[in-house]
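All values below were derived from every heavy atom in this structure, side-chain atoms included, with hydrogens, water molecules and symmetry-related copies excluded. Predicted, not measured: the structure shown is a model, and the values here were computed from it.
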Amino acid sequence: MLWNLSIPAERYWQAFLDTFMMVGVSGLVAFLAGIPLAVLLIVTAPNGFWESPRINRVVGGVVNGFRATPFIVLLVALIPFTRLLAGTTIGVWAAIVPLAISATPFFARIAEVSLREVDGGLIEAAQAMGCKKWDIVRHVYLPEALPGIIGGFTITLVALISSSAMAGAVGAGGLGDLAIRYGYQRFDTQVMVIVIAVLIALVTVVQFAGDRYVHWLRAR
């Protein structure tokens, strides 16, 4: 019952809002930056219409480097950059910086896979009709790959929820911080159970909404 909570309900609500803010803002940054990165990887790849092996290797190497770095390591390594950008190394906005940087290459690779699966015949047909390269990206690549991109973005959001909880270990705020400070350090099992339940519910809602939207896109 509400009156039996070991810490005020308002603190759970604030932690939820902090997590929602971290995941929402960093997810938006990852979406806006990840799609151009994925397009760049596709069009500069061998047989791409802006084929450039050097650019493809450099961009691919940077993306792979960030993807291969564990989030907790990246979180610590980016502290100077986070302080420069956010003015602090603790709190919600400080956590958004490494979260966005970690999620962007992750989402870019997923989006790249979806773009690569677009039927090559459609690309050739668009080129035969005299479509400009940018028009091919806008009107062929992105619309055809959209269900896969949205599905990949859903996976990215779920990963961000997990990472945001991990960021609580360095005072980022949110549900992870609540679980560590009150559940782990004070041995309060009730807090841990509630936080885990909320995180599971949040992941379930995000996954369900993403799956439904993908289904709607494919049924159009």
Item to check | Approximate separation, where rounding is to 0.5 Å, of L84 CG and I79 CD1 | outcome: 13.5 Å
Checklist entry - Looking at side-chain heavy atoms only, is the closest gap between K132 and I136 below 4.5 Å? => result no
Next on the checklist: With a 4.5 Å cut-off on side-chain heavy atoms, are Y141 and I123 touching?
Outcome noted: yes
Next on the checklist: Membership question, hydrophobic clusters at under 4.5 Å side-chain separation (ILVMFWY): are L75 and W93 in the same one?
Outcome noted: yes
Item to check | Backbone N/O of S52 and side chain of N56: donor-acceptor pair under 3.5 Å | outcome: no
Item to check | Verdict with reasoning, F16 to L202, per side chain to side chain contact (heavy atoms under 4.5 Å, CB included) | outcome: CA-CA 10 Å; F16 174 80; L202 188 57; 4.0 Å; yes
Next on the checklist: Show me the pairs that pass salt bridge (charged side-chain N to carboxylate O under 4.0 Å, His left out) and involve residues 107-116, at least two apart or across chains.
Outcome noted: R109-E112, E112-R116
Checklist entry - Which heavy-atom pair separates P143 from R138 by the least distance, and what is that distance? => result CD-O, 3.1 Å
Next on the checklist: With a sphere of 6.0 Å drawn around NE2 of H215, does it hold more than 12 non-hydrogen atoms of other residues, nucleotides or ligands?
Outcome noted: no
Item to check | Side-chain heavy-atom pair L178, R11 within 4.5 angstrom cut-off | outcome: yes
Checklist outcome for this item: In this structure, CD1 of I96 is separated from CG of L160 (nearest 0.5 Å) by 10.5 Å
Next on the checklist: As a quick check of understanding, evaluate side chain to side chain contact (heavy atoms under 4.5 Å, CB included) for F107 and I155, giving each step before the final call.
Outcome noted: CA-CA 8 Å; F107 173 61; I155 295 172; over 6 Å; no
Item to check | Approximate separation, where rounding is to 0.5 Å, of L146 CG and F153 CZ | outcome: 12.0 Å
Next on the checklist: Please give me the minimum heavy-atom distance between Y12 and L175, naming the atom from each residue.
Outcome noted: O-CD2, 4.4 Å
Item to check | Closest non-hydrogen atom pair between R67 and F106, with its separation | outcome: CG-N, 3.9 Å
Checklist entry - Between V118 and A145, which heavy-atom pair has the shortest distance, and what is it? => result CG2-CB, 3.9 Å
Next on the checklist: Restricting to non-hydrogen atoms, name the atom on L74 and the atom on P98 that form the minimum distance, rounded to 0.1 Å.
Outcome noted: CD2-O, 4.2 Å
Ignoring hydrogens and angles, write down the donor-acceptor pairs under 3.5 Å from the side chains of residues 22-31, residues two or more places apart or on other chains.
residue, atom, partner, partner atom, Å
S26, OG, M22, O, 2.4
S26, OG, V23, O, 3.4

Checklist entry - Taking atom CG of L85 and atom CG of L78, what is their separation to the nearest 0.5 Å? => result 10.0 Å
Item to check | hydrophobic_cluster_shared for W134 and M129, side chain cutoff 4.5 Å | outcome: no
Checklist entry - If you round to the nearest 0.5 Å, how far is CG of L115 from CG of L41? => result 9.5 Å
Checklist entry - Is the side chain of T69 donor-acceptor paired with the backbone N or O of G65 at a distance under 3.5 Å, no angle test? => result yes
Item to check | Which atom of A100 lies closest to which atom of T104, heavy atoms considered | outcome: O-OG1, 2.7 Å
Side-chain polar contacts of residues 191-200 - donor-acceptor pairs under 3.5 angstrom, sequence neighbours left out - could you list them?
none

Checklist entry - Going only through I, L, V, M, F, W and Y residues with side-chain contacts under 4.5 Å, is there a path from V39 to L122? => result yes
Item to check | Spacing of OG1 belonging to T44 relative to CZ belonging to R57, to within rounding of 0.5 Å | outcome: 10.5 Å
Item to check | Cluster overlap L37 with V58, hydrophobic side-chain contacts below 4.5 Å | outcome: no
Item to check | Side chain proximity check, L40 to W50, heavy atoms < 4.5 angstrom | outcome: no
Next on the checklist: Please say yes or no: joined through hydrophobic side-chain contacts below 4.5 Å, possibly via intermediate residues, are V203 and L157 part of one cluster?
Outcome noted: yes
Checklist entry - Given side chains that start at C-beta, do those of L142 and I149 come closer than 4.5 Å, heavy atoms only? => result yes
Checklist entry - Is F71 close to L99 at the side-chain level, that is, under 4.5 Å between some pair of heavy atoms? => result yes
